[in-house]
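See structure below.
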Amino acid sequence: MKLTSEPLPRCQESSFEVVLQTVSKIKSAESEEIKWVPCPQSYRHDYLVTRAEELVDKKIKAGEPLAYFLKGQLFFEEKKGVEYMEKIINSDSPKARHLKFAAAYNLGRAYWEGCGVEILEKEAERLWFFAADHGNPKASVKAQSALGMLYSATHPKDLKKAFFWHSEACGNGSLESQGILGLMYFYGHGVRKNLKAALECLNQASDRGNVYVKGHLVQYYYRRKFFTKAAEFAKSITENDNVGQIAKDTDCVPFYIAKGLAMASFYLARCLQLGLGTKPDAAAAKKYYSKACNLDPDIAADLELTANHGRI
């Protein structure tokens, strides 16, 4: 499962933007040199990376901590930023303080996914724990959410810790963790089952655009035999299956977005096949079964197996 990187913390010179945009907008005499020459070839990715690196190197020589973070983020996106993220984490400069949590989260992600370093789960955990800063809302909320996912994936799992960290991240605004928290309440994972709390979390996360949650709500409606609601809701979800764009818009993990879309597609296909809550349409059912399999073959197979063992 691949996570998304922590964006640059909001500061005087930049906001939450991709690093190339951030570098291009640094206000300095040097930035005039890369005011993106009016030649179409100047906008090639490799050209932009080279010119951005040149500008950042000048800033590093001038002793600006922000420049270390920018270079680390630039290289992290290019799969080679470990050294620069470590410089930020270990920096004693007061100007680097607000960058440490984001850098630690990104470096933890590198160890989790093996980007430029060996995969080391314990090192990812250590870095995310630092970045999460005991649930501090000004720290890395992504790290808080990542810890929740980590403790749900370890062997053995520690679902109580997972619940704690998803609660912290949810309280600090994480859409991803809000959805997972709802499912933990729903199934009693790491906490006592609580349908009221579960549906409250799930409905709020759904309203905010969490597609993984939307897929689970379709499943909930289908199993409760609210077939019309299940079919209509599933159809609205599957109208947009651009996982990358949804991830960009919601800042949710593409892995879970694909699963949510697969669930919605499967149950819509089931309704269309059996004429539940909608007119039967064999051709459309085949189309949505195929979409479910393309998005997530494993979950589609599991749902088919469940549906054929005693459930509609």
Side-chain angles (χ1 to χ4, degrees), residues 1-11 13-26 36 43-46 48-49 52 69-70 72-81 85 99 101-103 105-110 112-113 115 128 131 139-146 148-149 166 169-170 172-182 202 204-218 233-265 291-292 294-296 299:
M1 177 184 67
K2 288 191 175 182
L3 304 174
T4 55
S5 60
E6 183 81 84
L8 184 67
R10 192 176 295 276
C11 62
E13 295 174 333
S14 59
S15 58
F16 291 95
E17 300 172 305
V18 297
V19 71
L20 283 178
Q21 291 174 327
T22 300
V23 171
S24 72
K25 291 183 179 180
I26 290 178
W36 318 124
Y43 292 87
R44 292 178 310 181
H45 180 77
D46 56 348
L48 295 180
V49 170
F69 183 91
L70 284 169
Q73 184 69 1
L74 175 65
F75 280 3
F76 185 84
E77 291 172 3
E78 300 299 313
K79 309 302 181 190
K80 51 183 179 180
M85 289 299 171
L99 304 172
F101 297 133
Y105 166 75
N106 286 337
L107 189 54
R109 182 186 166 210
W112 177 256
E113 297 177 6
C115 293
W128 286 342
S140 171
V141 178
K142 278 182 173 287
Q144 295 161 11
S145 188
M149 295 180 193
H166 281 307
C170 176
N172 291 329
S174 170
L175 175 57
E176 193 89 69
S177 283
Q178 185 177 38
I180 296 173
L181 201 63
L202 294 173
Q204 288 179 3
S206 173
D207 290 344
R208 292 175 63 198
N210 188 316
V211 174
Y212 185 56
V213 163
K214 289 176 186 284
H216 277 275
L217 284 173
V218 169
F233 191 40
K235 193 171 190 310
S236 71
I237 297 165
T238 56
E239 286 175 354
N240 178 12
D241 60 0
N242 187 334
V243 174
Q245 187 60 49
I246 296 171
K248 183 178 179 181
D249 293 341
T250 63
D251 204 25
C252 288
V253 177
F255 174 83
Y256 286 115
I257 293 170
K259 283 186 174 296
L261 285 169
M263 292 180 76
S265 298
K291 178 178 281 193
N294 289 335
L295 285 161
D296 191 333
I299 199 169

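When reading the values below, keep in mind they use all heavy atoms of this one structure, side chains included, and skip hydrogens, waters and symmetry mates. All residue numbers in this chain count up from 1 along the given sequence.
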Minimum heavy-atom separation for [X] to [Y], with atom names?
{"X": "Ser145", "Y": "Ser177", "result": "OG-OG, 2.8 Å"}
{"X": "Ala205", "Y": "Val213", "result": "CB-CG2, 4.0 Å"}
{"X": "Asn210", "Y": "Gly179", "result": "ND2-CA, 3.9 Å"}
{"X": "Ser206", "Y": "Lys214", "result": "O-NZ, 3.1 Å"}
{"X": "Asn172", "Y": "Val141", "result": "CB-CG2, 3.7 Å"}
{"X": "Val211", "Y": "Ile257", "result": "CG1-O, 3.8 Å"}

Mind checking the [atom1]-[atom2] spacing from [X] to [Y]? Nearest 0.5 Å is all I need.
{"X": "Phe255", "Y": "Met149", "atom1": "CZ", "atom2": "CE", "result": "10.0 Å"}
{"X": "Asn106", "Y": "Leu99", "atom1": "CG", "atom2": "CG", "result": "11.0 Å"}
{"X": "His166", "Y": "Glu176", "atom1": "NE2", "atom2": "CD", "result": "8.0 Å"}
{"X": "Leu202", "Y": "Ile180", "atom1": "CG", "atom2": "CD1", "result": "11.0 Å"}

### Query
How are the rings of Tyr105 and Trp128 set relative to one another: parallel (under 30°), tilted (30 to 60°) or perpendicular (over 60°)?
parallel

Holding to side-chain hydrogen bond (donor to acceptor under 3.5 Å, both in side chains), I want the full list of residues that pass it with [X], two or more places apart in sequence or in another chain.
{"X": "Asp249", "answer": "Gln245"}
{"X": "Ser140", "answer": "Glu6"}
{"X": "Ser265", "answer": "none"}
{"X": "Gln178", "answer": "Gln204, Arg208"}

### Task
Please lay out, stage by stage, how Ile237 and Val218 fare under the test side chain to side chain contact (heavy atoms under 4.5 Å, CB included).
CA-CA 9 Å; Ile237 297 165; Val218 169; 3.6 Å; yes

### Task
Report the residues that fulfil ring pair (Phe, Tyr, Trp, His ring centres under 6.0 Å) with Phe101, sequence neighbours left out, ordered by chain and then residue number.
Phe130

### Message
As a quick check of understanding, evaluate side chain to side chain contact (heavy atoms under 4.5 Å, CB included) for Leu175 and Asp251, giving each step before the final call.
### Response
CA-CA 8 Å; Leu175 175 57; Asp251 204 25; over 6 Å; no

### Query
Within the distance-only criterion (no hydrogens, no angle test), does the side chain of Ser236 pair as donor or acceptor with the backbone N or O of Phe233 below 3.5 angstrom?
yes

### Message
My understanding is that only residues two or more places apart in sequence, or in another chain, count here; which of them pass salt bridge (Lys or Arg N to Asp or Glu O under 4.0 Å) with Lys259?
### Response
Asp296

### Task
Test Lys142 against Arg109 for side chain to side chain contact (heavy atoms under 4.5 Å, CB included), laying out the working first.
CA-CA 10 Å; Lys142 278 182 173 287; Arg109 182 186 166 210; over 6 Å; no

### Query
Are Asp241 and Lys291 close enough, and set up right, to give a side chain to side chain contact (heavy atoms under 4.5 Å, CB included), and what steps lead you there?
CA-CA 9 Å; Asp241 60 0; Lys291 178 178 281 193; 3.3 Å; yes

